[in-house]
There are 2 protein chains.
Amino acid sequence: MYICVMYSSELIKGTLKTIVLNLLKDHGKMYGYEITQKVKDLTQDKIQITEGALYPTLHALEEHGDLTVEKVYIGRRVRKYYLLTDQGMETRSERVNELADFMKTMRFLLDLDVAKGHV
Amino acid sequence: MYICVMYSSELIKGTLKTIVLNLLKDHGKMYGYEITQKVKDLTQDKIQITEGALYPTLHALEEHGDLTVEKVYIGRRVRKYYLLTDQGMETRSERVNELADFMKTMRFLLDLDVAKGHV
DNA sequence: AAATATACATAAGAATATTATGTATATCCA
DNA sequence: TGGATATACATAATATTCTTATGTATATTT
């Protein structure tokens, strides 16, 4: 009912790891560029993950033991597939649950549960 | 059904202004310390706004023209009541709508709309 | 009288994003 | 066949927004 614009960047902040972990659970192994495109598609361009945010995040998740990497060469170009570890599955659950609970709290705090037209 | 713990700080990031603006719409003029307590109460300690985050935010909102201030002395102690301006009302609407839409997108992205037990 | 609560404020540091830049290969199409 | 665009990785400089620590001061409770 209104024009779709990207969300202001503050909102996405803090949810990137959760998005990545959940996507990997749903779609199996994925590579960085694929993740950015999948999120863009699934959200109709509302959430666009920048590479400058994604790659450091993937490296951090790997270092934390949540992801493992598989290098694959497509022709001469390297592609790094990321997979959830067992620990990554746990981290995902915790983060998704926490985010779900947080959003519930926010809906209450902002009176979004009552039916209303445009606020 | 599970123990309530404070949310990890990344999540709150980006929603503080929205919370403050919305609270002022619901409760009229409020002062900083009152805002921290009200949010703490309403969320059963799940969201605790720190003073280091709140006061700079209030100053920023004031500078942006969203809030005006009324100084009141309680005995010798100063208390600064903040009120929404007309522009603040608009900013609030925009931010609440954006956050509501963002949360809807996140629920879709994280498959939270389907009924399920503990994830 | 001491501890806690109220009430403001700012500075140093951490976390996490954006923007810009860099490197390189692959594909489309005119 | 050559230029634009897409694919695919990466990092550095910068911005934003928080936490934690610190500072000042008054009021209330025990």
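With sequence neighbours excluded, the residues forming a salt bridge (charged side-chain N to carboxylate O under 4.0 Å, His left out) with A:Arg107 are A:Asp113, listed by chain and number. The side chain to side chain contact (heavy atoms under 4.5 Å, CB included) check on B:Ala100 picks up A:Leu112, with sequence neighbours excluded. Residues passing the salt bridge (charged side-chain N to carboxylate O under 4.0 Å, His left out) test with B:Glu70, sequence neighbours excluded: B:Lys29. Here B:Tyr55 pairs with B:Tyr33, B:Glu51, B:Leu58, B:His59 under the side chain to side chain contact (heavy atoms under 4.5 Å, CB included) rule; sequence neighbours left out. The salt bridge (charged side-chain N to carboxylate O under 4.0 Å, His left out) search around A:Lys104 returns none, not counting sequence neighbours. When the side chain to side chain contact (heavy atoms under 4.5 Å, CB included) test is applied to A:Thr15, the partners found at least two apart in sequence or on another chain are A:Ile12, A:Ile19, A:Leu99, B:Leu11, B:Phe102, B:Met106. Judged as a side chain to side chain contact (heavy atoms under 4.5 Å, CB included), and not counting sequence neighbours, the contacts of B:Thr43 are A:Thr105, A:Leu109, B:Val39, B:Lys46, B:Ile47.
Contacts between residues 63-74 of chain A and DNA chain D, defined by a heavy-atom separation below 4.0 Å, involve no residue at all.
Remark: P of D:dT17 and CD1 of B:Ile19 are 14 Å apart, rounded to the nearest angstrom. Nucleotide D:dA10 holds its P atom 9 Å from the CG atom of A:Leu54, rounded to whole Å. If you measure from atom NZ of B:Lys38 to atom C1' of C:dA7, you get 18 Å, rounded to the nearest angstrom. Rounded to a whole Å, the CD1 atom of A:Ile35 is 15 Å from the P atom of D:dT7. The distance between atom OH of A:Tyr31 and atom P of D:dA8, rounded to the nearest whole Å, is 4 Å. Regarding B:Glu62, its CD atom lies at a distance of 13 Å from the P atom of C:dC8, rounded to whole Å. Per the geometry, CG belonging to A:Leu58 stands 11 Å off P belonging to C:dA17, to the nearest Å. A:Lys80 has its NZ atom 17 Å from the P atom of C:dA24, to the nearest Å.
Mapping A:Ile49 and B:His59 onto DNA chain C by nearest heavy atom places B:His59 closer to the 5' end of the strand. A residue-by-residue look at B:Thr50 and B:Gly75 shows that B:Thr50 has its nearest nucleotide of DNA chain D further toward the 5' end.
Of the candidate nucleotides D:dT26, C:dA7, C:dC8, C:dC8 has the atom lying nearest to any side-chain atom of B:Val78. The side chain of B:Lys17 has D:dT17 as its nearest neighbour among C:dA9, D:dA10, D:dT17. Looking at the side chain of B:Arg79, the nearest of the listed nucleotides C:dT6, D:dT19, D:dC9 is C:dT6. Side-chain proximity of A:Tyr55 to the nucleotides C:dT18, C:dA9, D:dA8 is greatest for D:dA8.
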Interface polar pairs with nucleotides 11-15 of chain C, N/O, under 3.5 angstrom:
none

Could you run down the sub-3.5 Å N/O contacts of the protein with nucleotides 2-6 of chain D?
none

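With a 4.5 Å cut-off on side-chain heavy atoms, A:Thr91 and A:Leu61 do not count as touching. Looking at heavy atoms from C-beta onward, A:Val20 lies in side-chain contact with A:Leu54 at the 4.5 angstrom threshold.
Within 6.0 Å of NE2 in A:His27 there are more than 12 heavy atoms belonging to other residues, nucleotides or ligands.
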All N/O donor-acceptor pairs, side-chain side in residues 80-88 of chain A, below 3.5 Å, sequence neighbours left out:
from	atom 1	to	atom 2	distance (Å)
A:Tyr81	OH	A:Arg79	NH1	3.1
A:Thr85	OG1	A:Gly65	O	2.6
A:Thr85	OG1	A:Asp66	O	3.2
A:Thr85	OG1	A:Gln87	N	3.4
A:Thr85	OG1	A:Gly88	N	2.9

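Neither OP1 nor OP2 of C:dT16 sits under 4.0 Å from any side-chain N or O of A:Thr57. For A:Thr36 and D:dA8, the shortest distance from a side-chain N or O to OP1 or OP2 is not below 4.0 Å.
Clustering of Ile, Leu, Val, Met, Phe, Trp and Tyr by side-chain heavy atoms under 4.5 Å joins A:Val78 with A:Tyr73.
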